[in-house]
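Here's the structure, in structure tokens; my notes come after.
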Number of protein chains: 2
Amino acid sequence: MKIFRMPKTAYLPHIAYDSVIFGFSEGDLKILIMEYHNTGLFALPGGFVQLQENLNDAVLRGLNERTGLTDIYLEQFYTFGDFSRFDPEVMRTLLEANGILPGDGYQWMLDRFISVAYYALINYEEVTPRPDALSDSCEWYPVNELPELILDHRNIVEKAIQTLRDNLDRKLVGGNLLPKKFTMNELQNVYEAILGTKLRRTTFQRKMLAAEVLTRHEKHFSGKAHMAPYLYSFK
Amino acid sequence: MKIFRMPKTAYLPHIAYDSVIFGFSEGDLKILIMEYHNTGLFALPGGFVQLQENLNDAVLRGLNERTGLTDIYLEQFYTFGDFSRFDPEVMRTLLEANGILPGDGYQWMLDRFISVAYYALINYEEVTPRPDALSDSCEWYPVNELPELILDHRNIVEKAIQTLRDNLDRKLVGGNLLPKKFTMNELQNVYEAILGTKLRRTTFQRKMLAAEVLTRHEKHFSGKAHMAPYLYSFK
DNA sequence: TACTATTGTCACAAACTGAGACAATAAGAA
DNA sequence: TTCTTATTGTCTCAGTTTGTGACAATAGTA
């Protein structure tokens, strides 16, 4: 059995973060989910804040550890603080499955936590998800086919999607889920996956062009038998 | 000197909340600011979370103590977690001005805190602000004439206003700053105070009526020499 | 060379918004 | 009573944005 090793760094007690990491592939909006050793428990990637660390930096650090990425579109969206999310059995199961006994100095992890939730938008292609010390996998799941998640993590995901939808037009963030250059159709597919609805091609194109946030590049020849679309990038 | 007495209840360490309590009077958007005994320090009303209390309930409890209100429109908008907001001197000044010495068991209040920020919209007329044990006043200040605030509280206020503006049309929350029944003109004044811009009377009226969120009641006779406006309430 | 699927753009109608016009008041003044 | 004034509710008209379909251009295949 793999032995759990946490860096000796000290963390702020009672405070955690969870991150909903969105990616886009095969027409689906997906998020990264961790599965823990020998437990069948699934959870959002999360972590703790070092004693002298900015909260935002802690999240970026965790994101970098899971994805290898450094420049990440990241947004804080809600802090979950209900007492009902306190369920020490879940964490105990998780620690014990990793060979950690009570009294190993991880007692603090069994306390009540308030969790600050963030969502990140990343380019699926640039990432090879990496599990952490406690988990044996970190994998993409389509948002419509999530496994059962621990605690209130399902709630967190739903609020993340809702916030993302609300921000989509206001902040024009959809492009963060794509490679630097993309076709208008790919961008539309991202929007449709996030909103869960079909959009009109011509209206969508007109709106995006009118927003003046895109730069048009060379055409992209896919080998298909039809007119080649332009490639775009965000300004 | 008034001696500081905090209920013996235990609180979660490192976690606080701050609330930006909005009211509307005399054409101005105002917020409640506390002034602390003998220090000249001004701050947002805030507090701590009891060990078994929901975060949201803690904020409602604090709001009730400051305003006497129970049904309050409340929205969480951001959690401030930079290490730079750790400044024990401010809290030490504040405790000492209240006759509290080091070793009185309030050491935990000098630690680093992460603060979850909320904004509330209340009906100015229903409220008589009440100071807490540490403060000698709790008063309304127009958002454009705030005193200098401790720590990052000025930041918190600005983010609150920004969020309120963004949510104004989407959530139609402006009515929470008014009595149950109000005229269209009063509602427009609230919108103008929040947005900081003048709006067109006819366009505003048409938009609000088209939204189908208002119920029209009897006319309101103000005694002025002109056509009496209808009163409205939110559905 | 003809055929097909997709793209970029245009055209027109429908819906929405900005800006002003105007009659209908409520109360005071003449 | 009648006139005057400030404000309100509603309408109109123009300008803008959005929904919807049409259509030619094009990259490959048959």
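Keep in mind it's a predicted model, so treat the numbers as computed, not measured. So you know, we letter chains A, B, ... as the sequences are listed, proteins then strands, and number each from 1. Just the heavy atoms: all of them, side chains too, but no hydrogens, waters or symmetry mates, feed the values below.
- Rounding to whole angstrom units, CG of residue B:L187 and P of D:dT8 are separated by 13 Å.
- In this structure, A:R201 places its CZ atom 14 Å from P of D:dT20, rounding to the nearest Å.
- A:Q188 has its CD atom 12 Å from the C1' atom of C:dT6, to the nearest Å.
- Taking the side chain of B:R206 as heavy atoms from C-beta on, and the options C:dT9, C:dG18, D:dG9, the nearest nucleotide is C:dG18.
- Distance, B:H220 NE2 to C:dA26 P: 13 Å, rounded to whole Å.
- Around atom CD of B:E26, no more than 12 heavy atoms belonging to other residues, nucleotides or ligands sit under 6.0 Å away.
- Checking D:dG9, C:dT4, C:dG18 against every side-chain atom of B:T203, the shortest atom distance belongs to C:dG18.
- Under 4.0 angstrom from either OP1 or OP2 of C:dA19 there lies at least one side-chain N or O belonging to B:R200.
- Within the 4.0 angstrom heavy-atom criterion, base atoms lie near B:T202.
- When rounded to the nearest whole Å, the span between NZ of B:K224 and P of C:dA29 equals 14 Å.
- Under the 6.0 Å cut-off for aromatic ring centres, B:F113 and B:F48 qualify, their centroids lying closer than that.
- If you check C:dT7, D:dA27, D:dG9 against the side chain of A:F221, the one that comes closest is D:dA27.
- A salt bridge does not link B:K235 to B:E212: none of the charged nitrogens lies less than 4.0 Å from a carboxylate oxygen.
- Distance, A:Q205 CD to C:dT6 P: 15 Å, rounded to whole Å.
- Note: CE (A:M227) to P (C:dT6) measures 14 Å, nearest angstrom.
- Straight-line distance from the NZ atom of B:K219 to the C1' atom of D:dT7: 11 Å, rounded to whole Å.
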